[in-house]
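To find a chain, count down the sequence lines: A is the first, B the second, and so on, and within it residues start at 1.
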2 protein chains.
Amino acid sequence: MKSDRDRSVRLLWEPPAEPTRGPKAALSQSRVVEAAIKVADADGIDALTMRRVAETLGNTAMSLYRHVPGKSELLDLMVDAVWGETEPTPRGPWRAGLEFYARQVWAMYRAHPWMLQLTTSRRMPGPHAMTRQDAAYAAVSELGLAPEEIVAVVTTVSHFVDGVGRTMADRVQAERETGVSEEDWWDGREALWEHFTPDRLPMMTHIWNSGGFERLLDEFEFGLARVLDGLAVFIESEERPLVRPQTCL
Amino acid sequence: MKSDRDRSVRLLWEPPAEPTRGPKAALSQSRVVEAAIKVADADGIDALTMRRVAETLGNTAMSLYRHVPGKSELLDLMVDAVWGETEPTPRGPWRAGLEFYARQVWAMYRAHPWMLQLTTSRRMPGPHAMTRQDAAYAAVSELGLAPEEIVAVVTTVSHFVDGVGRTMADRVQAERETGVSEEDWWDGREALWEHFTPDRLPMMTHIWNSGGFERLLDEFEFGLARVLDGLAVFIESEERPLVRPQTCL
DNA sequence: CTAGAACCGTGTACAACGTACACCCTGTGT
DNA sequence: ACACAGGGTGTACGTTGTACACGGTTCTAG
């Protein structure tokens with residue numbers, strides 16, 4: 001148990017020690033991670049099998065296990081490698097900082113939608129993810145907020161970006177799996193439209209008939225502006241209401 | 001293809017036709033869906049196998065296929081059944097309405113965290129999910145918003161709730177899989193704390209030392225209040241800036 | 001300079017998954 | 001009475017992660 005967890009920590013935070021003996025390795029940890037990211041980018045997280053990664057490297061599945069303890073740890077490494085591609089939030093006014101952070105994460109999710117399909121909570125955090133988050137905290141560090149308020153503010157932005165990202169990622173995956181674009185998919189749904197009757201779905205039919213679904217606003221841009229507006233209200237208010245968790249599961 | 005999609009629509013929107021001939025069925029579509037939800041609630045979405053569901057019903061795996069076309073469609077049915085457990089948003093002031101909607105969805109996610117691990121975008125929407133969303137649109141229908149603005153406002157709330165829900169769901173799943181509570185997990189991470197040095201992670205060590213991570217604010221309550229504040233700024237402003245998508249993937 | 005340890009990659013094998021298929025049994029409409 | 005529609009079972013296949021034993025390669029200790 002303990003050794004397992006310590007091993008995972010070392011795996012992410014310390015560079016792999018290179019051996020002094022044995023034949024020269026054709027593979028390496030970074031090459032495996034790189035290849036795995038490429039596979040996930042190209043064909044989605046479901047296509048990421050050990051056999052497939054090995055194949056793109058010209059080796060067999062079991063060869064990967066010399067460089068990576070298992071698939072779960074490979075995912076850890078992939079996640080942190082992708083975080084490493086982002087820019088840390090620079091110092092500056094809080095709103096610009098949070099916006100920068102949000103855009104970086106959003107760009108990351110767009111480039112690697114599979115990131116959102118990986119469970120993140122208990123996954124071991126790596127150094128890149130941590131430093132990026134640290135820089136985001138720094139963006140709101142000089143507003144006189146309590147420490148827990150700093151965390152809450154950044155977390156709120158993260159949750160929003162995660163939310164938009166997830167629906168985007170789902171869309172990408174669905175398009176890849178079915179080979180049908182979002183529009184074509186919904187167009188082919190005559191059997192569904194039959195159930196769109198004004199008595200059952202009054203608002204939806206109204207929005208539909210007035211073309212509201214055809215000229216949608218940008219989900220990310222719209223939502224981000226609102227979230228930052230809301231945080232501004234909080235940050236600029238004199239007395240800030242503290243919200244403590246009561247039964248937070 | 002076409003018949004496939006039409007079949008999925010009928011599966012969700014029309015009650016299953018009951019047969020006139022043949023032996024009395026021990027199972028039924030609703031019993032299968034019910035059992036599947038119970039399994040997912042108890043042991044997570046990964047434990048939801050056809051064999052396992054059948055077992056809890058006292059049957060074999062293949063028997064399920066008489067009542068459900070396949071696992072994917074079973075998931076569709078589970079999702080819509082859970083939506084059916086929520087209250088539709090009542091009429092009233094917009095802010096109370098959106099708050100009600102957010103709390104309903106949040107409660108739904110807390111009761112069934114696996115909902116957030118299912119891909120939602122291309123999943124066939126069922127009648128319950130649709131009517132709930134319709135009622136949410138209705139909450140902001142009388143503010144003089146353009147149709148696409150109505151959609152954007154509700155979508156923003158949804159994205160936030162999805163975001164909080166996801167981290168909550170991840171936490172629940174991790175606790176179940178490892179049998180270790182969130183606190184114990186992080187406590188056992190000495191090897192990780194060694195890397196928490198002020199030069200690498202200045203903000204995090206500062207927040208940590210001042211105990212900010214130990215008295216966190218309620219993520220849902222805090223974030224929801226900010227998001228609604230931000231939407232209020234938008235709704236009450238005279239000229240609303242329209243944000244159109246440019247290259248939305 | 002040589003023996004052996006350390007290391008790299010391979011091949012085989014297993015359990016668990018969704019589900020296609022062939023089968024037998026049960027009950028109703030003609 | 002009988003055909004047949006429908007319910008449930010047993011077997012089997014392909015795919016997944018990975019444990020294990022093995023053979024080849026290179027550096028280090030004696």
Please answer whether the main-chain N or O of B:Thr86 pairs with a side-chain N or O of B:Gln104 as donor and acceptor at a distance below 3.5 Å.
no

Do any N or O atoms from the side chain of B:Ser63 and from the backbone of B:Asn59 form a donor-acceptor pair under 3.5 angstrom?
no

Between [N] atom [atom2] and [X] atom [atom1], what is the distance in whole Å?
X       : N      : atom1 : atom2 : result
A:Ile45 : D:dT16 : CD1   : C1'   : 14 Å
A:Glu55 : C:dG9  : CD    : P     : 17 Å
A:Arg66 : C:dC7  : CZ    : C1'   : 7 Å
A:Met50 : C:dT10 : CE    : C1'   : 15 Å
B:Gln29 : D:dG7  : CD    : P     : 12 Å
B:Glu73 : C:dG18 : CD    : C1'   : 12 Å
B:Leu74 : C:dC17 : CG    : P     : 15 Å
B:Asp46 : D:dT16 : CG    : P     : 17 Å

Is the distance from OP1 or OP2 of C:dC7 to the nearest side-chain N or O of A:His67 less than 4.0 Å?
no

Under 4.0 Å from OP1 or OP2 of D:dG8: is there any side-chain N or O of B:Ser63 that close?
no

Taking the minimum atom-to-atom distance to the side chain of [X], which one of [options] wins?
X       : options                : result
A:Met62 : C:dA20, C:dT10, C:dG18 : C:dT10
A:Asn59 : C:dT10, C:dT19, D:dG8  : C:dT10
B:Tyr65 : C:dG18, C:dG27, D:dC22 : C:dG18
A:Thr60 : C:dT10, D:dG24, C:dG9  : C:dT10
A:Arg51 : D:dT9, D:dG17, D:dC20  : D:dG17
B:Arg21 : C:dT28, D:dG7, C:dG9   : C:dT28
B:Lys71 : D:dA5, D:dT18, C:dG18  : C:dG18
A:Ala61 : D:dT18, C:dC17, C:dC7  : D:dT18

Working note: A:Phe196 + A:Trp193, criterion ring-ring contact (aromatic ring centres under 6.0 Å, His included); need CA distance, chi angles, decisive distance, verdict.
CA-CA 5 Å; A:Phe196 261 65; A:Trp193 302 144; 5.1 Å; yes

Kindly assign one of parallel, tilted or perpendicular to the pair A:Trp208 and A:Phe213, based on the angle between their ring planes and the thresholds 30° and 60°.
tilted

Nearest-nucleotide comparison on DNA chain C, the residue closer to the 5′ end among B:Lys24 and B:Leu48:
B:Leu48

Within the structure provided, determine whether B:Leu57 and B:Leu64 are in side-chain contact (heavy-atom separation under 4.5 Å).
yes

